[in-house]
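Reviewing the structure listed below.
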Amino acid sequence: MGERSRVVILRELLPAGRELLSDRFEVSSLGLDAGWQQMLAAAAGADGLVTDLTFAVDGELLDAAGPQLKVVANFGVGYDNVDLAACAERGVAVTNTPDALTNATAELALTLAMAAARDLPGAEKDLREGRWQGWDPARWRGFELSGATIGVVGAGRIGGRFMELVAGFGGERIYTSRQPKPELEARFGAERVGLDDLLRRSDLVSLHLPGTPETRHLIDGRALGLMKPTAVLVNTGRGTLVDSKALILALEEDRIGAAGLDVFEGEPNFDPGFLTTPRVALAPHIGSATYRSRDEMSRLVAANVIAVLEGREPPNPVT
Ligand code: 8YV
């Protein structure tokens with residue numbers, strides 16, 4: 001029998017996926033605190049690498065792994081951390097984990113939308129800090145989603161599911177997408193519009209785009225200026241979609257209604273202005289963090305590695 005292939009999990013893969021890999025391959029895992037030098041050293045000689053959005057998969061890492069490397073399996077649907085050209089040049093397959101996190105992420109977008117619209121974080125903070133003095137008809141008033149015009153920016157899998165979840169609010173649904181989505185139009189009466197039109201008309205704007213050079217700061221000061229002063233902005237896509245400084249300013253100057261954010265530029269760092277900005281619901285990138293989703297994502301990572309190392313087409317190639 002030949003030597004078993006080597007798979008290096010550069011940070012962490014949950015047991016649901018790790019066990020599938022360990023049954024077949026020589027597997028090592030560095031853990032969440034792994035630093036870059038440690039990753040470069042551990043990657044040497046790997047046939048497969050399990051990666052995630054917290055670090056760059058670039059030429060340096062691929063060269064440190066060596067020419068036997070066959071697959072980079074990214075734990076996540078987004079793969080903006082992976083240099084696809086560098087992988088292609090070296091003949092390395094890249095895979096991701098779509099579908100598994102569609103429900104979880106769309107549900108978090110709705111959670112943030114509702115929390116932001118009613119300023120749940122602000123109201124809860126008042127309660128926890130002893131500022132609840134009794135019933136006050138003017139206090140803690142927010143926005144209703146019932147009857148709202150809901151704008152979905154990027155109507156892919158997650159945006160489409162989000163649209164399905166909010167359909168019960170009635171109102172109108174509009175979306176942007178490179179391709180028309182006849183299914184969303186037929187099922188939810190959705191209308192495809194341009195971004196500026198969507199921003200002007202929406203009471204809730206939910207972002208569901210990947211982080212690419214083209215989508216960087218799609219929502220900047222100009223875009224925020226088009227939104228209604230009562231509109232809620234939700235971002236569960238990538239932090240780079242939104243210009244943080246411009247958003248903080250828009251909230252502070254009451255130029256938009258509220259914001260719900262799961263992703264940030266430069267995370268786990270984020271603009272500290274968000275901590276003191278009014279009417280903002282914040283989460284530490286937990287879009288896919290349900291038991292079901294993260295286990296399924298882990299299994300998908302493993303299924304992709306196994307397929308490539310056994311000489312088959314992976315289920316989720318990204319190119
Ligand atoms: C993942 C995400 O948790 O899938 C994505 O693109 O942003 C998250 O849902 C993350 O990628 C884990 O690596």
Side-chain angles (χ1 to χ4, degrees), residues 7-18 21 29-34 36 39 48-58 61 71-84 87 94-112 153-162 165 206-216 218 234-242 260-270 282-305 314-319:
V7 175
V8 180
I9 300 166
L10 286 172
R11 289 181 80 240
E12 188 99 353
L13 186 66
L14 295 178
R18 203 172 56 222
L21 293 174
S29 177
L30 301 190
L32 296 178
D33 296 330
W36 185 241
M39 290 188 194
L49 293 177
V50 174
T51 59
D52 66 48
L53 87 166
T54 62
F55 57 93
V57 179
D58 57 10
L61 179 64
V71 58
V72 164
N74 210 44
F75 188 166
V77 69
Y79 46 86
D80 43 304
N81 59 307
V82 182
D83 183 339
L84 295 182
C87 290
V94 180
T95 65
N96 68 341
T97 65
D99 302 318
L101 44 59
T102 298
N103 286 331
T105 309
E107 286 177 23
L108 188 80
L110 181 56
T111 304
L112 286 172
V153 180
R157 297 181 189 86
I158 299 171
R161 177 64 178 143
F162 179 77
L165 293 178
S206 192
L207 307 178
H208 299 280
L209 290 172
T212 64
E214 294 73 43
T215 61
R216 185 173 180 278
L218 188 75
V234 170
N235 188 9
T236 54
R238 279 292 178 267
T240 52
L241 298 175
V242 178
L261 307 172
D262 184 45
V263 286
F264 300 87
E265 293 184 275
E267 57 186 57
N269 300 314
F270 57 89
L282 304 171
H285 200 148
I286 58 170
S288 67
T290 65
Y291 291 101
R292 182 154 75 176
S293 165
R294 287 276 168 86
D295 278 348
E296 185 55 20
M297 290 166 74
S298 305
R299 282 191 284 269
L300 277 185
V301 167
N304 281 294
V305 172
N316 310 110
V318 302
T319 45

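Remember, it's 1-based here, ligands and their atoms both numbered in the order they're listed. Bear in mind that the values here come from a model prediction, so they are computed numbers and not experimental data. Counting begins at 1 with the first residue of the sequence.
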_Minimum heavy-atom separation for Phe162 and Ser206, please, with both atom names._
CE2-CB, 3.5 Å

_Contact (N/O only, under 3.5 Å) between Gly287 and ligand 1_ = no

*asked:* Side chains of Ser29 and Arg18: any donor to acceptor distance under 3.5 Å?
replied: no

*asked:* With heavy-atom distances below 4.0 Å as the criterion, list the atoms of ligand 1 near Asp52.
replied: 13 (O)

*Under 4.5 Å between any side-chain heavy atoms of Val57 and Tyr79, yes or no?*
no

*Got the closest protein heavy atom to atom 9 (O) of ligand 1, with its distance?*
Ser288 OG, 2.8 Å

*Numbered atoms of ligand 1 (with element) below 4.0 Å of Gly78, judged on heavy atoms*: 4 (O), 5 (C), 6 (O)

*Look at atom 4 (O) of ligand 1 and say which protein heavy atom is nearest, naming residue and atom and giving the distance to 0.1 Å.*
Val77 N, 2.7 Å

_Closest protein heavy atom (residue, atom, distance) for atom 11 (O) of ligand 1_ = Phe75 O, 3.3 Å

_Show the atoms of ligand 1 that are less than 4.0 angstrom away from any heavy atom in Leu53._
10 (C), 11 (O), 12 (C), 13 (O)

*Counting heavy atoms only, which of Arg294, Arg11, Met297, His285 comes nearest to atom 2 (C) of ligand 1?*
His285

_By the definition side-chain contact (heavy atoms from CB on, under 4.5 Å), identify the one residue from Leu53, Thr215, Asp262 that meets it with Arg238._
Leu53

*Have a look at ligand 1 and work out which part of Val263, if any, has a heavy atom under 4.0 Å from it: side chain, backbone, both or neither.*
neither

*State which residues pass salt bridge (charged side-chain N to carboxylate O under 4.0 Å, His left out) with Arg294; sequence neighbours excluded, sorted by chain then number.*
none

*Which ligand 1 atoms are under 4.0 Å away from a heavy-atom of Arg238?*
2 (C), 5 (C), 6 (O), 7 (O)

*Can you tell if the side chain of Phe75 reaches within under 4.5 Å of the side chain of Arg11, non-hydrogen atoms only?*
no

_Atom of Val263, atom of Gly237 and distance for their closest heavy-atom approach_ = CG1-O, 3.6 Å

*Start with the C-alpha gap between Phe55 and Leu61, add the side-chain angles, then the distance that decides, and say whether side-chain contact (heavy atoms from CB on, under 4.5 Å) holds.*
CA-CA 10 Å; Phe55 57 93; Leu61 179 64; 4.2 Å; yes

_If you measure every N or O of Gly76 against every N or O of ligand 1, does any of those distances drop under 3.5 Å?_
no

